[in-house]
2 protein chains.
Amino acid sequence: MRLWNGWGNENSDLLMELNSGLRNLLQALVGPATPLGEATLEQVMAKVPASKAPAHPLISADPETRVRHARGQSLPDWLAMHSGDVDSFPDAVAVPENSEQVRELLCYARDNGIDVIPYGGGTSVVGHINPEASARPILTVDMSAMNKLIHFDRESQLATFGAGTAGPELEAQLQKEGYTLGHFPQSWELSTVGGWVASRSSGQQSLHYGRIENMFAGGSIETLAGTLEIPTIPASSAGPDIREMILGSEGRMGIITEVVVRVTKLPEEESFQVVFFPSWEVGLQAARELIQQRIALSMVRLSNPLETTSLLYMGAGDDSSGVVALEAALAEKGIGAGKVMMTFGVTGSARHCATAKEMALDHCTSLGGLADQAGLGDKWAHGRFRAPYLRDPLGSAGYAVDTMETAVDWSKLPQAVENIESAIRDGLADEGEQVHAYTHLSHVYGQGSSIYTTYLFRLGDSYGQAMDRWHKLKAAGANQIVASGGTISHQHGVGRDHRDYLVAEKGGLGLAAINSLCQLFDPQSQMNPGKLLPDELN
Amino acid sequence: MRLWNGWGNENSDLLMELNSGLRNLLQALVGPATPLGEATLEQVMAKVPASKAPAHPLISADPETRVRHARGQSLPDWLAMHSGDVDSFPDAVAVPENSEQVRELLCYARDNGIDVIPYGGGTSVVGHINPEASARPILTVDMSAMNKLIHFDRESQLATFGAGTAGPELEAQLQKEGYTLGHFPQSWELSTVGGWVASRSSGQQSLHYGRIENMFAGGSIETLAGTLEIPTIPASSAGPDIREMILGSEGRMGIITEVVVRVTKLPEEESFQVVFFPSWEVGLQAARELIQQRIALSMVRLSNPLETTSLLYMGAGDDSSGVVALEAALAEKGIGAGKVMMTFGVTGSARHCATAKEMALDHCTSLGGLADQAGLGDKWAHGRFRAPYLRDPLGSAGYAVDTMETAVDWSKLPQAVENIESAIRDGLADEGEQVHAYTHLSHVYGQGSSIYTTYLFRLGDSYGQAMDRWHKLKAAGANQIVASGGTISHQHGVGRDHRDYLVAEKGGLGLAAINSLCQLFDPQSQMNPGKLLPDELN
């Protein structure tokens with residue numbers, strides 16, 4: 001069973017407590033914090049109003065189910081669930097088992113003027129699945145029962161899955177056959193293939209496996225205007241690509257029911273290597289050149305100096321002597337304060353991995369990089385899905401953690417990182433509050449890179465104060481993203497929280513184009529209203 | 001100066017005569033043919049009616065200019081120009097020098113109810129730039145004067161070009177800086193970057209450089225609803241991708257004026273290698289496995305047995321003794337009748353090329369392939385843009401050549417090739433006419449491959465008979481493409497000739513989605529009417 005108000009399953013091995021090392025570090029960085037009280041599930045259930053949805057055999061209006069589908073995994077969602085200050089719930093939840101039931105639910109919605117929220121893993125961090133307060137009843141359609149490998153064309157390496165298949169379910173079914181999708185967003189344990197498509201997800205090894213755009217070969221989408229079947233075709237010059245309209249549609253156009261993905265055989269080998277560089281500038285040059293020279297890596301990740309130090313010490317826990325020794329050893333080789341950490345991956349045949357790793361290490365070394373020999377790359381791989389588990393113990397200790405991310409061209413990148421990070425770091429200066437912010441590049445492209453900034457701050461005296469702080473920081477960071485020429489989201493999507501920033505990327509005419517598609521597929525604006533498009537188009 | 005009624009420039013080195021070897025081969029394959037008379041430019045100019053377009057300083061209604069913009073490079077276009085039976089011309093042609101002039105022309109078109117055809121290199125083989133007979137005046141906007149590198153962000157490897165920049169102009173401007181786009185469709189000498197985007201072009205080395213979809217980073221499009229600016233962003237999860245609406249828009253949404261493309265440094269090395277396999281089945285397996293194992297080649301091309309033999313003998317010209325010797329040598333190694341020819345390319349650093357070539361050759365050899373040592377790969381590279389030059393000398397001798405192409409998943413491919421090729425080969429059986437048809441795969445993907453069928457037949461007693469034959473063959477092949485689950489075009493686009501087959505790929509709802517975009521950008525349906533969308537949506 002999923003935690004009702006936090007990240008993960010109740011029995012997960014990754015649930016954690018805050019160790020005293022991290023607690024001390026946070027006290028030093030942003031000050032001592034006081035835990036706030038936490039609402040219980042029963043308290044939140046008591047707030048659930050009577051359902052406005054007319055009865056139907058496929059829907060449930062059970063209050064607990066409605067609470068469990070009311071919010072995603074953004075920091076505002078976490079604050080709402082922990083304060084108990086939840087202001088909207090779906091009126092009903094359905095868990096269809098097949099496309100026919102989805103169609104039946106859409107007919108029911110159309111006939112009764114009900115708004116519909118498609119729901120995958122509920123892992124959105126930007127409000128994708130949150131019901132907007134509405135006079136119309138709201139039905140959340142939870143796709144988790146459609147979680148099977150439906151068809152596998154081995155020769156064409158095409159696998160058809162129910163859209164509600166979560167990462168581990170998907171990989172288990174494929175790996176049994178000797179194949180993998182290789183899509184590993186940080187939300188992988190809980191998020192679903194339909195959600196990945198709807199929100200244009202990108203996985204940690206997108207450099208090798210591609211983003212979900214590259215994997216999504218076709219499928220079925222149930223819309224209020226009918227069923228959209230997208231056939232699988234390797235490539236086409238025949239007009240605009242319909243897949244690209246559904247990718248990032250965020251539930252506004254319909255419910256994705258089946259997804260055909262491009263898979264590959266399980267790699268012979270995979271490894272991750274950490275390299276330290278003496279400075280951010282040199283690290284950036286290395287990352288850019290590795291990708292622009294097309295050395296075939298599966299991942300390049302580069303932490304800035306503050307993240308490098310933060311991760312080393314935060315990972316050390318109660319005993320930081322190892323980190324101290326590592327830093328001393330690096331300093332001896334000229335990699336001291338200001339150092340940055342790169343992690344790169346190689347995936348594929350043994351021969352490919354050996355060559356690619358050698359080429360990458362040669363290039364890194366030529367720039368003054370020093371390869372880690374202590375298995376830090378393995379450590380990264382081991383902990384690759386851990387970060388989201390940190391919010392709960394931090395929150396219980398009175399601290400908030402959130403992230404902001406974008407992607408920009410290389411020529412704009414150094415200034416963008418500085419401006420975004422500074423805006424967040426100084427975002428609570430009016431209150432005299434410290435914000436600890438650090439940044440990494442997680443997805444690199446020939447043209448530029450993603451920028452991923454993590455920030456920690458104190459919740460304050462109340463959840464309300466924490467929410468105010470979040471709003472200030474979000475606006476400060478997002479405005480800098482827009483001013484830097486970045487996308488409002490490289491990997492989290494638009495949802496509710498980014499919709500008013502979208503015009504900077506798409507332009508008024510671009511937004512009108514997206515809106516015209518929404519209107520076609522959903523003439524009465526019943527599909528996930530309030531998401532993706534800005535206020536004036538909702 | 002371009003040939004007014006054929007492929008290429010008047011002074012091109014690639015203009016050719018039919019050698020007697022090829023003539024004899026054709027006589028043997030499809031029978032002796034009689035040349036038909038050819039209309040002169042003056043005869044066609046005499047057919048140009050008075051212009052319906054009101055005067056404007058940026059337009060010309062000169063008859064020769066209007067003839068030169070009346071048709072593209074499809075076989076029907078060739079037949080029309082050579083017979084003189086041309087039924088529609090643009091009323092005027094403009095050659096704008098900048099975006100302001102394009103905007104001015106669109107205002108003029110809107111204010112005067114004029115239809116607009118954007119025109120790049122005029123190389124469409126499916127009728128993209130042909131005026132449809134219309135009561136409204138038709139203005140063709142020839143983009144060839146907007147042919148400069150406007151901005152170059154070296155660090156981000158982003159180059160901004162005027163949309164009318166043709167392949168050689170584009171590469172010359174980039175290569176001067178040490179960079180390349182690497183986009184080499186067979187039309188490269190004459191086609192333009194704006195045309196590539198508008199028709200979703202793919203180049204011969206798309207395996208390394210990507211299709212135009214992967215290169216198109218942003219740009220400007222002038223539409224009747226305003227200017228659409230698409231900013232450059234390396235990757236985004238923020239909603240549907242506006243670029244993907246413009247890619248393949250075929251002039252229906254607006255005029256692309258500036259294109260930002262992703263470029264790379266000129267490769268250290270590039271080479272092409274031919275390998276022979278004993279059978280089509282083994283060749284297919286090799287092609288599929290090379291790509292599915294992600295061996296980093298820049299091209300994989302595989303000719304079926306008939307194409308292998310045809311190309312060898314057609315390339316030999318008057319003296320086929322070398323081919324006879326090659327076939328004997330291959331037969332000695334067990335590669336006899338039924339043999340197929342693969343050409344693969346490697347592009348990049350010397351180290352990369354060496355490794356990739358070695359891995360590919362190892363795999364080919366393990367399947368029974370035999371590497372050519374006589375430089376056939378170089379010969380392919382040398383002649384890579386020659387094929388379109390063959391139509392004129394063939395036509396003058398009374399023969400027609402055309403191609404049909406698609407892409408399908410691997411599991412559907414062998415049957416699709418057989419069905420498409422047979423349908424064409426038997427397409428004139430009712431007349432007792434032979435059609436010589438052969439096929440190659442030119443672009444391979446993990447999921448499947450393109451299929452490219454070339455066919456030769458006799459023009460017959462008149463251009464009218466030739467056109468009837470073309471219609472029969474086109475319908476026979478296209479129906480098999482649709483029945484095989486293929487796209488109606490992997491690399492030529494939709495235009496006029498494929499529009500009625502598009503519904504099989506996009507579905508009714510998908511077509512409605514594309515139409516809703518056209519309506520948004522072009523509320524009065526003035527942009528390239530009759531193209532892309534099927535009759536009932538025009």
Side-chain angles (χ1 to χ4, degrees), chain A residues 153 155-158 199-200 211 217 225-226 228-229 231-242 244-245 247-249 262 292 294 296 348 351 355 359 407 409-411 443 445-449 485 487-494 502 505-507 509-510 512-514 516-517 520 532, chain B residues 153 155-158 199-200 211 217 225-226 228-229 231-242 244-245 247-249 262 292 294 296 348 351 355 359 407 409-411 443 445-449 485 487-494 502 505-507 509-510 512-514 516-517 520 532:
Chain A
D153 174 352
E155 199 176 350
S156 311
Q157 299 192 335
L158 292 173
S199 66
R200 283 189 176 260
R211 293 168 57 90
L228 179 68
E229 298 280 4
T232 59
I233 284 171
S236 169
S237 65
D241 192 338
I242 307 294
E244 293 282 348
M245 303 176 183
L247 284 158
S249 57
R262 297 168 176 150
Q292 292 185 343
R294 300 184 184 231
R351 191 170 176 181
T355 309
M359 287 171 76
D409 298 342
W410 285 113
S411 58
H443 297 71
Y445 303 87
Q447 170 186 347
S449 173
T487 169
I488 195 59
S489 176
H490 168 270
Q491 62 201 73
H492 291 162
V494 179
L502 193 62
E505 181 171 344
K506 306 290 183 187
L509 202 47
I514 297 171
S516 74
L517 296 175
L520 174 82
L532 182 60
Chain B
D153 174 353
E155 198 176 352
S156 311
Q157 298 192 337
L158 291 174
S199 66
R200 284 189 175 262
R211 292 167 59 88
L228 179 68
E229 298 280 3
T232 60
I233 284 171
S236 168
S237 64
D241 192 337
I242 305 296
E244 294 281 350
M245 303 176 183
L247 284 158
S249 57
R262 296 167 176 150
Q292 291 186 343
R294 300 183 186 233
R351 192 171 177 180
T355 309
M359 287 171 77
D409 299 342
W410 286 113
S411 58
H443 297 71
Y445 303 88
Q447 171 186 346
S449 174
T487 169
I488 194 58
S489 176
H490 169 270
Q491 61 201 72
H492 291 163
V494 179
L502 193 62
E505 181 170 344
K506 307 290 183 185
L509 203 46
I514 296 172
S516 75
L517 296 176
L520 174 81
L532 181 62

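Below, chains carry the letters A, B, ... as their sequence lines are ordered, and counting in each starts from 1.
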| request: Output the distance between atom CE (M245(A)) and atom CE (M245(B)), rounded to the nearest 0.5 Å. | output: 6.0 Å

| By a 4.5 Å heavy-atom criterion (distance strictly below it), what part of L520(A) contacts chain B: side chain, backbone, both, or neither? | side chain

| Yes or no on side chain to side chain contact (heavy atoms under 4.5 Å, CB included) for M359(B) and T355(A), after CA distance, side-chain angles and deciding distance? | CA-CA 11 Å; M359(B) 287 171 77; T355(A) 309; 5.7 Å; no

| query | With only heavy atoms counted, which part of L158(B) is less than 4.5 Å from chain A, the side chain, the backbone, both or neither? | reply | side chain

| said: Under a 4.5 Å cutoff for heavy-atom pairs, which residue among G348(B), A407(B), S237(B), S449(B) has the most contacts with chain A? | reply: S237(B)

| Looking at G510(B), G507(B), S411(B), which one has more heavy-atom pairs under 4.5 Å with chain A than the rest? | S411(B)

| note | On a heavy-atom basis, the closest approach of G448(B) and P234(A) is CA-CG, 3.6 Å

| Heavy-atom pairs under 4.5 Å with chain B, option from A238(A), S249(A), S516(A) with the top count | A238(A)

| What option among L502(A), D153(A), L517(A), L247(A) has the most heavy-atom pairs under 4.5 Å with chain B? | L517(A)

| said: Quick check on the interface: out of G226(B), P240(B), G248(B), who has the most heavy-atom pairs with chain A under 4.5 Å? | reply: P240(B)

| Options R200(B), R211(B), Q447(B), ranked by heavy-atom pairs under 4.5 Å with chain A, top entry | Q447(B)

| Among D241(B), V494(B), T232(B), which residue forms the greatest number of heavy-atom pairs with chain A at distances under 4.5 Å? | T232(B)

| Which one, E229(A), Q491(A), R262(A), R294(A), leads in non-hydrogen pairs under 4.5 Å with chain B? | R294(A)

| field | Distance-minimising heavy-atom pair for G485(B) and I233(A) | value | O-CG1, 4.0 Å

| Where do A235(B) and T487(A) come nearest, in terms of heavy atoms and distance? | O-CG2, 3.6 Å

| Tell me, side chain or backbone of H443(B) under 4.5 Å from chain A's heavy atoms, or both, or neither? | neither

| said: Using a 3.5 Å distance criterion without hydrogens, assess whether the side chain of E155(A) forms a donor-acceptor pair with backbone atoms of D409(B). | reply: no

